Amino acid sequence: MQKDNIVLIGMPGVGKSTVGVILAKVLGYQFIDADLVIQEQEERLLREIIAEEGTEGFIQVENRVNATLEAHHAIIATGGSVVYGKEAMEHLQEIGTVIYLEVAYPELEKRLEDIKGRGVVLRDGQTLYDLYLERTPLYEKYADIRISETGLDIEQTVEQIVDGITNLH
């Protein structure tokens with residue numbers, strides 16, 4: 001299996017989809033938004049899946065879809081909760097270089113004012129900060145490259161990714 005994709009992981013609101021589209025244009029790759037693939041395969045919006053299946057049910061759907069994703073020369077923007085799916089993350093590591101887009105919590109909080117409308121997976125009673133603390137070690141575990149977006153605009157983030165990939169190979 002060729003490892004010719006770039007997989008973007010990180011918290012909701014870090015810009016995986018936005019950065020991914022620009023990165024795809026810069027590198028001449030396809031762009032795949034894993035959340036849209038889930039919605040297409042399930043024929044429901046993410047928030048509908050969460051409402052109907054619950055948090056754990058959604059994570060199972062996300063894991064299944066991402067574990068079977070087929071792509072070549074693509075930028076794959078994943079949903080923030082993809083790191084809960086062991087099979088999905090193992091598959092994504094096999095087919096691509098995994099890049100963790102990091103944003104400090106205060107900046108993340110500013111970016112995510114409408115958290116429920118985005119289809120963010122929060123368990124009952126869980127805060128965004130709880131989620132940040134829970135997921136950060138998982139993002140770090142699976143990442144081949146970590147990009148801190150602190151003080152960077154979108155173009156600078158893309159440049160950092162391109163530099164990181166160049167230095168990795």
Side-chain angles (χ1 to χ4, degrees), residues 1-103 108 111-123 126 128 131-132 134-135 138-139 142-145 147 149 153-155 157-158 160-162 165:
M1 190 164 299
Q2 275 190 301
K3 196 169 173 160
D4 61 356
N5 301 294
I6 296 167
V7 180
L8 302 178
I9 63 171
M11 286 290 289
V14 298
K16 297 179 297 288
S17 296
T18 306
V19 167
V21 167
I22 296 167
L23 188 60
K25 288 179 182 179
V26 168
L27 297 176
Y29 278 34
Q30 290 180 298
F31 174 72
I32 298 170
D33 188 311
D35 283 348
L36 297 180
V37 174
I38 293 167
Q39 288 185 165
E40 189 179 316
Q41 286 189 14
E42 292 294 305
E43 297 180 349
R44 296 180 282 175
L45 297 174
L46 298 183
R47 66 175 175 267
E48 292 171 340
I49 300 169
I50 294 166
E52 293 166 17
E53 311 282 336
T55 301
E56 294 307 318
F58 173 77
I59 288 169
Q60 288 174 4
V61 168
E62 182 178 43
N63 186 38
R64 176 176 39 81
V65 171
N66 280 290
T68 58
L69 205 59
E70 290 194 28
H72 295 288
H73 292 287
I75 308 299
I76 302 167
T78 62
S81 53
V82 70
V83 289
Y84 294 131
K86 185 176 183 284
E87 295 81 6
M89 288 310 303
E90 286 173 356
H91 174 67
L92 292 169
Q93 285 181 308
E94 282 175 14
I95 67 167
T97 301
V98 178
I99 298 177
Y100 168 31
L101 299 181
E102 296 179 270
V103 171
L108 193 65
R111 294 183 186 191
L112 282 178
E113 300 201 17
D114 178 27
I115 192 164
K116 291 286 187 197
R118 290 189 58 131
V120 174
V121 177
L122 282 174
R123 293 180 183 87
Q126 190 176 41
L128 180 61
L131 194 68
Y132 180 81
E134 181 178 285
R135 289 185 183 175
L138 295 171
Y139 295 135
Y142 289 114
D144 295 310
I145 299 171
I147 303 288
E149 294 184 297
D153 63 21
I154 293 167
E155 284 75 17
T157 300
V158 169
Q160 291 285 318
I161 294 169
V162 172
I165 292 163

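Predicted, not measured: the structure shown is a model, and the values here were computed from it.
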Any side-chain heavy atom of [X] sitting closer than 4.5 Å to one from [Y]?
X: V82; Y: M89; answer: yes
X: L138; Y: I9; answer: no
X: I161; Y: L8; answer: yes
X: V19; Y: E149; answer: yes
X: E62; Y: D35; answer: yes
X: T157; Y: Q160; answer: no
X: Y139; Y: E102; answer: no
X: R111; Y: P12; answer: no

If I take atom [atom1] from residue [X] and atom [atom2] from residue [Y], how far apart are they, to the nearest 0.5 angstrom?
X: F58; Y: E48; atom1: CZ; atom2: CD; value: 12.0 Å
X: I99; Y: I145; atom1: CD1; atom2: CD1; value: 4.5 Å
X: I165; Y: L23; atom1: CD1; atom2: CG; value: 6.0 Å
X: E43; Y: I49; atom1: CD; atom2: CD1; value: 10.5 Å
X: I76; Y: N66; atom1: CD1; atom2: CG; value: 8.0 Å
X: F31; Y: I22; atom1: CZ; atom2: CD1; value: 10.0 Å

Ignoring hydrogens and geometry, is there a side-chain-to-backbone donor-acceptor pair from [X] to [Y] under 3.5 Å?
X: N5; Y: I75; result: no
X: K16; Y: G10; result: yes
X: Q39; Y: L46; result: yes
X: Y84; Y: N63; result: no
X: K3; Y: T97; result: no
X: Q93; Y: Y142; result: yes

Quick one: list whatever passes side chain to side chain donor-acceptor pair (under 3.5 Å) with D33, sequence neighbours left out.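 With sequence neighbours excluded, D33 shows a side chain to side chain donor-acceptor pair (under 3.5 Å) to S17, given in chain and number order.
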Partners of E56 by side chain to side chain donor-acceptor pair (under 3.5 Å), sequence neighbours excluded?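 By the side chain to side chain donor-acceptor pair (under 3.5 Å) rule, E56 matches R123.
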For [X] and [Y], work out which heavy atoms get closest and say how close.
X: V65; Y: Q41; answer: CG2-OE1, 3.5 Å
X: I95; Y: L69; answer: CD1-O, 4.0 Å
X: I32; Y: A74; answer: CD1-CB, 3.9 Å
X: Q30; Y: A24; answer: O-CB, 3.8 Å

For atom CD of E40, decide whether the heavy atoms of other residues, nucleotides or ligands shown that lie under 6.0 angstrom number more than 12.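 No, CD of E40 has 12 or fewer neighbouring heavy atoms, counting only those of other groups under 6.0 Å.
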Contacts of K86 that satisfy salt bridge (charged side-chain N to carboxylate O under 4.0 Å, His left out) - sequence neighbours left out: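 Applying salt bridge (charged side-chain N to carboxylate O under 4.0 Å, His left out) to K86 gives E90.
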Start with the C-alpha gap between E53 and Q60, add the side-chain angles, then the distance that decides, and say whether side-chain contact (heavy atoms from CB on, under 4.5 Å) holds. CA-CA 9 Å; E53 311 282 336; Q60 288 174 4; over 6 Å; no
